[in-house]
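These notes are about the structure you will find just below.
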Amino acid sequence: MRQVEHEPAGSADTIRAGELEVGIIDDGGSGVPLVLVHGGESDRTQYATLRSYLGPGIRAISYDQRDSGITVNPPIPYTMGDLADDLADLLDALGLQRAHLLGTSFGGAVVQHTAIRHPERVASLVLIATTPSFALCPQKVGELFDMAHDDRQKAVKDYFVTPEGRADLHNRAAQTLAYRDPDKADRRHAAARQHEVRDRLEEITAPTLIVHGTQDLLAPYSGALLMKERIPNARLHSIEDGRHAIAMEFAQPIAGYIREFLGVSAA
């Protein structure tokens with residue numbers, strides 16, 4: 001598979017969104033706007049491999065959430081709802097009334113809250129390797145939160161990629177885990193632990209594509225089945241034996257699913 005090791009040009013750009021100065025990578029152009037929302041331990045550069053496969057006709061936009069990358073935010077606690085509101089503010093800053101939202105893991109939780117709190121801003125959802133509730137996650141997720149950054153990177157080979165993908169992907173997947181100082185990490189982990197929308201999934205009215213690995217050890221596949229059952233207009237693509245980093249390890253087929261879902265002609 002193709003691996004992309006460096007950020008695209010313009011990746012150090014920032015944009016004022018609400019009260020935050022937000023780090024952003026924006027492909028620009030007139031394609032379908034797709035906002036890529038990164039995972040809990042990553043930043044705006046997480047999607048380098050996936051965006052390389054998305055192809056023409058899609059304007060891929062990734063950004064740094066609070067306490068991530070080069071975004072500047074106040075050192076105060078926040079909730080998943082706050083992160084959803086931040087995303088709505090980003091759409092305002094970009095001049096987008098509506099956009100398609102793609103989130104992986106923690107980012108998938110952010111876009112679920114956004115679809116519930118700001119349904120008029122969401123054209124569709126793509127939920128990859130995520131969960132409708134932190135309570136569904138195994139104890140190992142909390143253990144990963146408590147690990148030192150270097151130890152968490154070492155754990156990638158066991159929890160993020162398949163045994164077949166370890167040789168090619170272990171280092172690249174580990175590099176997507178960004179270092180945060182303890183205060184920033186604690187704020188993000190506290191927000192993650194509050195994530196719970198199982199009883200509100202019926203409120204998500206946007207067309208929804210769910211992509212999930214059947215052997216995800218951090219966001220169990222049962223959560224994907226629950227989202228498929230409760231989100232009114234949802235479809236599910238299962239990645240057989242896929243683990244948590246499917247958006248990287250299976251980037252090419254997943255990009256194809258996304259293009260088909262968005263109605264963008266083949267590249």
Side-chain angles (χ1 to χ4, degrees), residues 1-8 25 34-55 58 60 62 68 101-111 125-131 136-138 140-141 144 147 149-178 208-225 227-228 235-262 266-267:
M1 66 163 287
R2 179 190 311 159
Q3 296 182 53
V4 178
E5 300 292 343
H6 303 291
E7 303 173 31
I25 302 171
L34 175 65
V35 181
L36 311 173
V37 187
H38 65 75
E41 305 302 326
S42 302
D43 61 20
R44 71 195 183 286
T45 67
Q46 174 187 336
Y47 292 105
T49 300
L50 179 62
R51 73 196 304 147
S52 75
Y53 284 109
L54 287 174
I58 294 177
S62 58
S68 304
L101 307 182
L102 180 155
T104 59
S105 192
F106 183 103
V110 173
V111 301
L125 292 183
V126 181
L127 304 176
I128 301 178
T130 190
T131 179
L136 295 178
C137 296
K140 189 62 185 180
V141 173
L144 287 167
M147 285 181 184
H149 177 66
D150 289 348
D151 291 335
R152 192 181 299 123
Q153 287 187 312
K154 293 174 184 176
V156 163
K157 69 179 186 300
D158 294 322
Y159 291 95
F160 286 72
V161 296
T162 66
E164 296 77 14
R166 285 175 187 169
D168 292 334
L169 288 169
H170 174 211
N171 288 336
R172 175 58 188 150
Q175 289 167 9
T176 67
L177 305 185
T208 300
L209 172 65
I210 303 163
V211 186
H212 212 99
T214 61
Q215 297 299 317
D216 193 320
L217 303 177
L218 302 179
Y221 184 65
S222 59
L225 296 175
M227 292 187 293
K228 169 64 172 66
R235 67 180 77 168
L236 170 63
H237 270 296
S238 301
I239 304 294
E240 193 65 29
D241 296 327
R243 295 193 178 180
H244 201 56
I246 55 173
M248 175 179 290
E249 185 169 357
F250 300 92
Q252 185 171 17
I254 289 176
Y257 301 154
I258 293 167
R259 292 182 65 83
E260 178 185 15
F261 178 65
L262 298 182

Return the OG1 to CD distance between Thr49 and Gln252, rounded to the nearest 0.5 Å.
12.0 Å

What pair of heavy atoms forms the shortest contact from Met248 to Thr176, and how long is it?
CE-CG2, 3.6 Å

CD1 of Ile58 to CG of Leu262, rounded to nearest 0.5 Å, is 5.0 Å

Only counting residues at least two apart or in another chain, list the ones meeting ring pair (Phe, Tyr, Trp, His ring centres under 6.0 Å) with His244.
Phe160

Do you know the tightest heavy-atom contact between Gly40 and Phe106?
N-CB, 3.1 Å

Hey, what do you get for CD1 (Ile128) to CG (Asp216), rounding to the nearest 0.5 Å?
11.5 Å

Interatomic spacing from CD in Glu249 to CD1 in Ile239 - rounded to 0.5 Å
10.0 Å

Donor-acceptor check, side chain of Arg152 to backbone of Leu144, threshold 3.5 angstrom: yes or no?
yes

Under 3.5 Å, is there a donor-acceptor pair between the Ser42 and Tyr47 side chains?
no

Ignoring hydrogens, what is the shortest heavy-atom contact between Ala219 and Ala129? Give both atom names and the distance.
CB-O, 3.8 Å

Begin with the C-alpha distance, continue with both residues' side-chain angles, and end with the deciding distance and a verdict on side-chain contact (heavy atoms from CB on, under 4.5 Å) for Asp241 and Gln215.
CA-CA 5 Å; Asp241 296 327; Gln215 297 299 317; 3.8 Å; yes

So Leu34 and Ile258, do their side chains get closer than 4.5 Å, heavy atoms only?
yes

So Arg235 and Leu209, do their side chains get closer than 4.5 Å, heavy atoms only?
yes

Quick check: closest heavy atoms across Cys137 and Pro220, and the distance to 0.1 Å?
CA-CD, 4.2 Å

Residue pair Met227 / Thr130, side-chain heavy-atom distance below 4.5 Å
yes

Ala251 versus Leu50, closest heavy-atom pair with distance
O-CD1, 3.7 Å

Would you confirm whether Arg44, through its side chain, and His38, through its main-chain N or O, come within 3.5 Å as a donor-acceptor pair?
no

Could you go through Leu217 and Lys140, starting from their C-alpha distance and side-chain angles, then the distance that decides it, and tell me whether this counts as side-chain contact (heavy atoms from CB on, under 4.5 Å)?
CA-CA 8 Å; Leu217 303 177; Lys140 189 62 185 180; over 6 Å; no

Please name the residue in the list Leu102, Leu127, Val126 that meets the side chain to side chain contact (heavy atoms under 4.5 Å, CB included) test with Val111.
Leu127

Separation of His212 NE2 from Lys228 NZ (nearest 0.5 Å):
15.0 Å

Restricting to ring pair (Phe, Tyr, Trp, His ring centres under 6.0 Å), what partner residues turn up for Tyr159, sequence neighbours left out?
none

side-chain contact (heavy atoms from CB on, under 4.5 Å) between Ser105 and Leu218: does it pass, once the steps are laid out?
CA-CA 9 Å; Ser105 192; Leu218 302 179; over 6 Å; no

Closest heavy-atom pair, Leu177 versus Gln153, reported as atoms and distance to 0.1 Å, is O-NE2, 3.8 Å

Just verifying a value: how many Å separate Ile254 CD1 and Phe261 CZ, rounded to the nearest 0.5 Å?
14.0 Å

